[in-house]
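Accompanying notes for the structure given below.
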Amino acid sequence: MCGIVGYIGKRSACDILINGLKRLEYRGYDSAGVALNYNAQLTIAKQKGKVAALEAHICNDVSHDAVEKACSGIAHTRWATHGLPTEENAHPHRDNSGRVALVHNGIIENYAALRKQLEKKGSSFSSETDTEVLAHLVGSFYSDDLLGAVSEALKMVEGTYGVAVLANDSPDEMIVARKGSPLVVGMGSDESIIASDVSAIVAHTQQVIYLQDGDVARISATGAEIYTLDQCVVDRNISSVEWEIGAVEKSGYDHFMLKEIFEQPSALENTIRGRLDKVQGTAVLSGLNLTPRDMASIKRLVIVACGTSMHAGMVSKYLFEGLADMPTSVEQAAEFRYCNPLVGADDFVVAVSQSGETADTLAAVRESIQKGALVAGLCNVVGSTIARETGRGIYLHAGPEIGVASTKAFTAQVIVLLMMALKFGRRRRLSREAGLMISREIEQIPAMIEKVLEQNEAIAKIAEKYAQVEHAFFIGRGILYPAALEGALKLKEISYIHAEGYQAAELKHGPIALLQESTPVVALLNDIPGKEKTLGNVAECRARKAPVLGIVTEGDLATAESVDDVIWVPQCSVYAAPIISVVALQLLSYHIARIRGCEIDQPRNLAKSVTVE
Ligand code: F6R
């Protein structure tokens, strides 16, 4: 949510900042801005809309000297919280004197009270944002010690922030700080690049420091000095980013989403690699750091997650209960801390989050830790807050996900949860033979996904038939019910078609009233237990004239005859069925959105990584 990038070094900052913003645009894209520090002046350029609009504005309207010669600057791409997406509300914001400029990701919760105090002292504001209040606050403390001024200002702030601050008369430093919003410092040679995630940094260096909550750092061309807000020095490790710049490029695909759908076989191979014990028929997940005693004492699994990650968690309920006899509840993270969650020492809470930064999931993690539960994170982004705060967990290793609609993270999450269920299952009830069978099945999933991807053109053709509908339903039973929810979510978020996922039998308890010729139903009809019952529900839909598109197992001609259109998927076990079906539904949504001319990678109103409540 909101992207921040900052540069300080020997090169011209502007290009580096704009290219960095383009890499971060998936975090928010309703306005963008840059501040360049040159010749004791802060030159600020902002535009409503995408980074391309800002780039054009800089080219045409901004002083060439600053653009070419400034060697330090900060930049921001916004996802609006306080105030409309306008040029005035775009970051960077300045203080009253114009000496200080800052960019901010997060929310200053007490901004209204702070604004009143500052107004009494003579500040006048030009935007509706909480961020401008912070800029004024820093300015009010600043004389010649920018680090001290930022620290003092942040002590007065309630809420979350990742910030980067410049002062016109201090060109050799940039101050950054974080609390609740990620910030990474890239350590180049004779230059430093800071950003809200590494994708804006890897083009320049793979050596990074992940700042931690409460850190404030002075960044210069030669590195970072990191302190607490009380100015005690802290030591943070330098880490190496595992992937290279190609991972955050489209590599010939029209959209990141399509690239990420097609990456799933290789991404999942990375997720699985080294994690299956093919002698004992179990999974090796050392990051969970569970002793045999922990494994034995856990009575219940509680998944906390949002959106697509919650759907992956819902799939896992069937896996843990089916394979490990382990009672599992799946909680919407946004509700968790507001409903007296009954978790304690016997519970294993697993936070599922691609970004590892989702505010509601993080809050559920903190609540669970506080209540004494064992808590693990299942994240894709290395070094993310949830991964660090849980201190135990499993990385997806799916590579960076740039498309706002989550695709490969979902399938990787389900695979990891399946491996976890296998591990618990082997300790509780599964025989070695059963474990070996499941691990063989897991290994085959990437190849099964390849087979679904071979259907791409056929799916694109079917998409033409359904692209202009206004409403759609997705139905499934058992382990395919969360897959139906995920199919509906994918369609609505990128194509703006109103879509609902339902447990197949639930449809007749109300929603069936909406069915008509123009309202298709996508039915998950993989050849696994429950299919015959879903076919009964399909008949009910067709009797109301709703066209039915079936996700059907190859060779299952009888099922194919019961629906209007078919997307074929390979034969598989019940455990793999939600994964391969969702891949087919990802492609269906992608093609429908493409035909409708939607902005697939950056759907309206959305942003990757939701770091606000
Ligand atoms: C949907 C989507 C969102 C995220 C949700 C949680 O395509 O991307 O629903 O799944 O915001 O995000 P993470 O997994 O980063 O916690």
Side-chain angles (χ1 to χ4, degrees), residues 1-2 26-28 79 105 180-182 196-197 199 255-258 260-261 264 303-316 330-336 349-366 376-390 393-396 398-414 416-417 474 482-483 485-497 499 501 582-583 585-590 593 598-613:
M1 204 139 261
C2 299
Y26 68 95
R27 298 183 71 95
W79 187 86
N105 179 14
S181 293
S196 36
D197 73 59
S199 52
H255 299 96
F256 279 111
M257 183 182 178
L258 190 62
E260 287 157 10
I261 292 172
Q264 288 178 102
I303 304 275
V304 290
C306 301
T308 288
S309 298
M310 189 184 68
H311 296 156
M314 289 173 74
V315 171
S316 79
V330 185
E331 307 291 336
Q332 281 181 354
E335 286 291 312
F336 190 72
V349 176
V350 177
V352 183
S353 173
Q354 188 285 131
S355 62
E357 303 291 348
T358 301
D360 286 319
T361 310
L362 179 58
V365 162
R366 289 177 176 157
L378 206 161
C379 303
N380 194 33
V381 177
V382 174
S384 55
T385 308
I386 291 173
R388 283 189 291 99
E389 292 205 8
T390 49
I394 309 171
Y395 280 121
L396 302 182
E401 191 178 68
I402 308 288
V404 165
S406 194
T407 51
K408 61 179 177 175
F410 172 86
T411 47
Q413 285 162 346
V414 176
V416 167
L417 289 162
F474 288 68
L485 294 177
E486 177 57 11
L489 178 63
K490 281 293 86 81
L491 186 65
K492 72 184 123 195
E493 67 184 326
I494 63 165
S495 75
Y496 315 140
I497 292 172
V582 163
V583 174
L585 298 182
Q586 291 167 351
L587 282 173
L588 179 69
S589 295
Y590 171 81
C598 298
E599 287 247 33
I600 290 178
D601 283 335
Q602 293 165 358
R604 73 178 176 220
N605 304 341
L606 300 183
K608 196 93 178 154
S609 186
V610 183
T611 54
V612 293
E613 263 195 53

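Quick note: residue numbers are just sequence positions, from 1. Keep in mind that this is a model prediction, so the values were computed, not measured. First listed ligand is number 1; within each ligand, the first listed atom is number 1.
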(request) Give the single entry among Gly307, Gly403, Cys306, Ala305 that approaches atom 6 (C) of ligand 1 most closely by any heavy atom. (result) Cys306

(message) Between Phe410 and His311, is the ring pair (Phe, Tyr, Trp, His ring centres under 6.0 Å) condition met? List the steps.
(response) CA-CA 8 Å; Phe410 172 86; His311 296 156; 7.4 Å; no

(request) Write out the residue and atom name of the closest protein heavy atom to atom 12 (O) of ligand 1, then the distance separating them to 0.1 Å. (result) Thr358 OG1, 3.4 Å

(message) Geometry only, no angles: is Gln354 polar-contacting ligand 1 at N/O separations under 3.5 Å?
(response) yes

(message) Within ligand 1, which atoms have a heavy atom of Ser309 less than 4.0 Å away?
(response) 10 (O), 13 (P), 14 (O)

(request) Quick one: which residue pairs count as a salt bridge (Lys or Arg N to Asp or Glu O under 4.0 Å) with a foot in residues 398-414, not counting sequence neighbours? (result) Glu263-Lys408, Glu401-Lys608

(message) As a check for students: among Leu606, Thr308, Val352, Leu362, identify the option with a heavy atom nearest to atom 2 (C) of ligand 1.
(response) Thr308

(message) Using a 4.0 Å cut-off to any heavy atom of Glu493, which atoms of ligand 1 qualify?
(response) 1 (C), 7 (O)

(request) Would you indicate whether the side-chain heavy atoms of Glu357 and Val381 approach each other to under 4.5 Å? (result) no

(request) Would you mind running through ligand 1 and noting each atom that sits below 4.0 Å from a heavy atom of Val404? (result) 8 (O)

(request) Name the closest protein heavy atom to atom 15 (O) of ligand 1, giving the residue it belongs to and the distance to 0.1 Å. (result) Ser355 OG, 2.7 Å

(request) Can you spot which of Met310, Met314, Lys490 makes a side-chain contact (heavy atoms from CB on, under 4.5 Å) with Leu485? (result) Met314

(request) Compare every heavy atom of Ser384 with every heavy atom of Tyr395, then report the nearest pair and how far apart it is. (result) OH-N, 4.5 Å

(request) Would you mind listing which atoms of ligand 1 come within a distance below 4.0 Å of any non-hydrogen atom of Ala405? (result) 7 (O)

(request) Of all the heavy-atom pairs spanning Ser589 and Gly487, show the shortest one and how long it is. (result) OG-O, 4.0 Å

(message) Please list, in number order, the atoms of ligand 1 under 4.0 Å from a heavy atom of Ser353.
(response) 13 (P), 14 (O), 15 (O), 16 (O)

(message) So, 4.0 Å and heavy atoms of Lys490: is ligand 1 close enough to count as a contact?
(response) yes

(message) Please list the nearest protein heavy atom to atom 11 (O) of ligand 1 with its residue and the distance rounded to 0.1 Å.
(response) Val610 CG2, 4.0 Å

(request) Identify the residue among Thr411, Val352, Leu378 that makes a side-chain contact (heavy atoms from CB on, under 4.5 Å) with Leu396. (result) Leu378

(request) Decide if atom CD of Glu389 counts as having more than 12 heavy atoms of other residues, nucleotides or ligands within a radius under 6.0 Å. (result) yes

